[in-house]
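Report on the structure given below.
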Amino acid sequence: MKIKKPELKIPQYQPNKIEEKWQKIWERNAIYSPNLDTAKKPFYNLMMFPYPSAEGMHVGNMYAFTGADVYGRFMRMQGFDVFEPIGLDGFGIHSENYAIKVGRHPKEQAKVSEWNFYRQLHATGNGFDWIRRLETYDPKYYKWTQWLFIQLFKAGLAYRKKAPVSFCPSCKTVLADEQVIKKLKTTTQKSQLDEEIAVCERCGTGVEKRELEQWFLKITNYANRLLTNLAKLDWSEKVKIAQRQWIGKSEGARISFPVILRERSDREDPIGISRSARNDNQHKIEVFTTRHDTLYGATFLVLSPEHPIVASLLNSKFKIQNSKLDELKRYVDKAKKKTEQERIAEGKEKTGIFSGLYGINPVNNEKIPIWIADYVLMGYGTGAIMAVPGHDSRDYEFAKHYKLTIKNVIARSETTKQSQSAKIATLPSVARNDKKEVEVYTGEGTIVNSNKWNGWKTPQDVGKVITWLENKGLGEREVTYHLRDWLISRQRYWGPPIPMIYCKRCKWQPVPEDGLPVLLPDVKNWKPTGTGKSPLASVESFVNATCPNCKGKAKRETDVSDTFLDSAWYFFRYTSNDIESSAFDIKRVKKWLPVAIYIGGAEHSVLHLLYSRFITMALYDLGFISFEEPFSRFYAHGLLIKEGAKMSKSKGNVVTPDEYIKKYGADTLRCYLMFLGPFDGGGDFYDTGVEGMHRFIKRLWRLINQFPISNFQFPISDERRKFMNKTIKKVTEDIEALRYNTAIAAMMEWYNYLNLELRTKNSELTKEEAETFLKLLAPFAPHVTEELYHNVILSVSEGSLANASPVSVGDSSSVSRQTQNNIKDISIHAQPWPKFDPKFLEESKTTIVVQVNGKVRDTIIIQNSEFRIQNLIEKKAKQSERVKKYIEGKLIKKVVYVEGKVINFVTE
RNA sequence: GGGCGAGUGGCGGAAUGGUAUACGCGGUAGUCUCAAAAACUACUGGUCGCAAGGCCAUGUGGGUUCGACUCCCACCUUGCCCACCA
């Protein structure tokens, strides 16, 4: 066997040993736990706490957390007291469903998931403040979730109402509006129409409609504030747009249509208009419309089957033929029973029934029929619409199907310039459906067939229309929101019991504060019942209570609250989970909130983010806090995919970080995740990419270890110094903007450059270069940089070059007690971030691109002093042989010179 | 139906008015080795050419500009979000 040259022995890179060692040291010394009371430069770096799914952490979670952690570590090195807490959003249907699947009690399952998830989170090497961690299912936490509910109740923001709600037959609970999503139903037959169904966000089961009494939070009170405040927030426009769309403000008019009554006695009057009826406030139909400009085109009215007038009708308050009444009843019953799924599935084919009643269009006193149809939703506007079949495609379809009058009241304006023979749409003045096909026109134009409004333009003149209506007392301005109140009752076990007690005498009473938390009882039958009642309803010891007010016998609310309530305020609790006497410490909240940066998935654009904003606003109104918005800055990261496909359990392509961490170490995986694409755009995960990153880290390990690092600032070339400064600048700016992929690329370039320099010029790495490199990489690869910093850089500082020889790695014993004691100060993560010196970035020479007719032909190098001397540059450029070829014998028409960048000769 | 984005080598992606393809993956050749792996080194958009060098390429078609991946218009493809919302 050959004897190798007695070279410097490079220790083997053993990521797992290094990582475990430093994770222990960091945690033992709480280096990532700022003092929440005395910190001088607080920076709240929040990431969305995970649902601890029992399968464990997904690489997508790690992607999100790493991106947030890199930012936190960077800010810490910038001198901020960074608070980066973590916890588990472990209550809720998601966790409970998993417990059902594996047949374990949710409480036990939570322990298992918690252990596993925290183990994984530790292994990723994030700078979490472990002291502050919290779990939403911890009674110490949900005590305050219940307290929060009570505050809302006392403020009139929590109320009960019976309402048609979405019910998931699989999860056996009601769902909030936001938790019902639409899905394409893939039909087995080759049908042309793709059917859409409404399904549960959690399990994908089609939802049903049920009429139940439930707890709601009055988020609609905040609709306008939630909307207008968006302008103040440093959030990506995409998320703001999603919220705006969800809040869905519509400005329009509320218009009353009198109902023509035919009292039983009133047989003589064939039409039934009587003065008394017309003035009868109880018998009018109010509609909300954004197209009041088309009011003259309203040829019928449509009521939702749930509309109160429909109920009165069925109670025979109005006289209609009995046979028709039966028919009506059948239709309404059917519509009410129809699941949301069926209603939407019918999609294009609208059904309805004539009510037998007529109304009056208030602008022209025309008698128009009143129909009932389930395409009109009770939940939006007034539950009744004026139908304008000429200018609304849904009304048009309906009118066509039932042969109702279609009227055109908007004329297409002259087509703007597009065609020379400016077309003016020819429109039939009043067209009946039974004659020619009349088309529906939903665009803008000029009002016609509308008396005094004729000639007004829409949408420009809609303001005039509403003023006219208001003056005549026929309608008024109205704003309607798509946002509905937040339904928070869940007929499930695994959540915080809603802390309310019902007393027959005193009605609903909140549990007094000293009665909190209302503990979730340990029960055997915790599985959902499907009866519309929570499993807690059968636990007598739980249900029976005394009324807090009259001390009489009373019953507890047995539903639990929605998981989204748990997560709507957790960022307050993080600051104060050592405090038992209140939900949060007001001083600490003032110091740390609003959150400086919140990083998470865009899928929470409407749910979690909106709820959190609402709760924060409510707390502000209640005087607990001094700010209205919880998250000053929200940054949505992209979606991680695997080799071109979405990761999903069904595809079996879900990547777990564990195996990669075991094989390459967390540093490699972190760097790879941050490198594979722009952070806000997501990226594609390839195994070979991970290997490439591992190579980079190993090369760096070798680079730092293999050259004896000079303790002295021996002179390095200007170019080398410039490269270092350039890299510091690039990496700093990129991290600031969360452009992690290009920050890493810049470091790789620097490595490639240094490696070539050192090899070909037989030079040494300076301490400054090595130290700078490690610091720049530290946010991405916290362990290996810490290891090298201590074993190479600090040992150089401590003494002679001899000490620079590598020491054994592997266990914490290799780090001296001294080091461990003051690790809080001497950790690389506590060091100041490298600064670049602009003076080293200055170039004395500049490369100018020489173009002929916009094509690059050559480059010339000029001194900076020559920057402004165009003649000189022109002369130099013309001397180039490559340029000569293209300009010789040609007339130069024009010369464009852009200072310090390009010179372009334009020839004939 | 409405809203928002994206389209660049074999692949992930850089470059936001001035040298397109940085960085990484993959590939080819070489060094080391009995050999392989690893590691290291060089090359790597297409095309014509011995070479020098030329021409062509950022979804398609137009436009603006001395100059366009970048700005404008139309179209095609694709992703995400919302949707009987009156």
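Here the structure is a predicted model, which is why all the values come from computation and not from measurement.
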Exercise. Kindly write out the residues that satisfy ring-ring contact (aromatic ring centres under 6.0 Å, His included) with Y481(A), not counting sequence neighbours, or none if the list is empty.
Key: none
Self-check item: Residues that F398(A) engages under ring-ring contact (aromatic ring centres under 6.0 Å, His included), provided they are two or more places apart
Solution: F300(A), W371(A), Y375(A), Y402(A)
Give every pair of a protein N or O atom and an N or O atom of nucleotides 3-10 of chain B that lie under 3.5 Å apart, one pair per line with the distance.
none

Quiz item: Mind checking the P distance from C4(B) to U58(B)? Whole angstroms is fine.
Solution: 27 Å
Interface polar pairs with nucleotides 17-20 of chain B, N/O, under 3.5 angstrom:
unit_1	atom_1	unit_2	atom_2	d
G18(B)	N2	Q851(A)	OE1	2.8

Quiz item: P atom, G7(B) versus G13(B): distance in rounded Å?
Solution: 10 Å
Quiz item: Listed by chain and number, what are the side-chain contact (heavy atoms from CB on, under 4.5 Å) partners of E476(A), not counting sequence neighbours?
Solution: R254(A), E470(A)
Quiz prompt | Presence of S250(A) side-chain N/O under 4.0 Å of A86(B) phosphate oxygens OP1/OP2 | solution = yes
Quiz prompt | Sugar-phosphate only, base, or nothing, as touched by D858(A) at under 4.0 Å among non-hydrogen atoms | solution = nothing
Quiz item: For residues 891-906 of chain A, which residue pairs qualify under salt bridge (Lys or Arg N to Asp or Glu O under 4.0 Å), counting only residues two or more places apart or in two chains?
Solution: R868(A)-E899(A)
Give each protein N/O atom lying under 3.5 Å from an N/O atom of nucleotides 11-15 of chain B, with the pair distance.
unit_1	atom_1	unit_2	atom_2	d
G12(B)	O2'	L676(A)	O	2.9
A14(B)	OP1	N741(A)	ND2	2.9

Quiz item: Contact class for K893(A) (heavy atom, under 4.0 Å): base, sugar-phosphate, or nothing?
Solution: nothing
Quiz prompt | Contact letters for nucleotides 49-54 of chain B, in which S counts primed atoms plus P, OP1 and OP2 and B counts the base, heavy atoms under 4.0 Å | solution = ----SS
Exercise. Answer yes if the side chains of Y380(A) and S250(A) hold a donor-acceptor pair under 3.5 Å, and no otherwise.
Key: yes
Practice problem: Output all residues satisfying salt bridge (charged side-chain N to carboxylate O under 4.0 Å, His left out) with R244(A), sequence neighbours left out; order by chain, then residue number. | Solution: E237(A)
Quiz item: C1' atom, A74(B) versus C81(B): distance in rounded Å?
Solution: 25 Å
Quiz prompt | Nearest-Å distance once atom C1' is located in both C25(B) and C34(B) | solution = 32 Å
Practice problem: Can you tell me the distance, in whole Å, between the CD atom of E691(A) and the C1' atom of C23(B)? | Solution: 18 Å
Quiz item: For Y331(A), is the NZ or CZ atom of K334(A) found under 6.0 angstrom from the centre of its six-membered ring and inside 45 degrees of the ring axis?
Solution: no
Quiz prompt | Pairs where residues 667-689 of chain A contributes a residue and the test salt bridge (Lys or Arg N to Asp or Glu O under 4.0 Å) is met, not counting sequence neighbours | solution = D69(A)-R670(A), K642(A)-D687(A)
Self-check item: Aromatic plane relationship, Y740(A) with F780(A) - under 30° parallel, 30 to 60° tilted, over 60° perpendicular
Solution: perpendicular
Quiz prompt | Rounded distance in Å between the C1' positions of G49(B) and G10(B) | solution = 25 Å
Quiz item: Under the 3.5 angstrom rule, does the side chain of T382(A) hit a backbone N or O of E286(A) as a donor-acceptor pair?
Solution: yes
Exercise. Please state whether the rings of W701(A) and Y13(A) are parallel, tilted or perpendicular, taking 30° and 60° as the class boundaries.
Key: tilted
Tabulate protein N/O versus nucleotide N/O from nucleotides 41-48 of chain B, keeping only pairs under 3.5 Å, one per line.
unit_1	atom_1	unit_2	atom_2	d
U41(B)	OP1	N755(A)	ND2	3.4
U41(B)	OP1	R759(A)	NH1	3.0

Self-check item: Distance, C1' atom - from C75(B) to C23(B), rounded to whole angstrom
Solution: 34 Å
Practice problem: Could you tell me whether the side chains of E719(A) and Y753(A) share a donor-acceptor contact shorter than 3.5 Å? | Solution: yes
Exercise. Report the residues that fulfil side chain to side chain donor-acceptor pair (under 3.5 Å) with Y686(A), sequence neighbours left out, ordered by chain and then residue number.
Key: none
Quiz item: What distance do I410(A) atom CD1 and H391(A) atom NE2 have between them, rounded to the nearest 0.5 Å?
Solution: 5.5 Å
Quiz prompt | Side-chain touch V690(A)/F685(A), heavy atoms, less than 4.5 angstrom | solution = yes
Self-check item: N/O donor-acceptor pair under 3.5 Å between H637(A) side chain and A64(A) backbone
Solution: no
Quiz item: Say you pick atom P in U19(B) and the same atom in C76(B); how far apart are they, in whole Å?
Solution: 33 Å
Exercise. Taking S880(A) for its side chain and D858(A) for its backbone only, find out whether a donor-acceptor pair lies under 3.5 Å.
Key: no
Quiz prompt | Nucleotide nearest R695(A) (side chain, heavy atoms from C-beta), chosen from C82(B), G24(B), C25(B) | solution = C25(B)
Self-check item: Whole-Å C1' distance, G3(B) and G67(B)
Solution: 35 Å
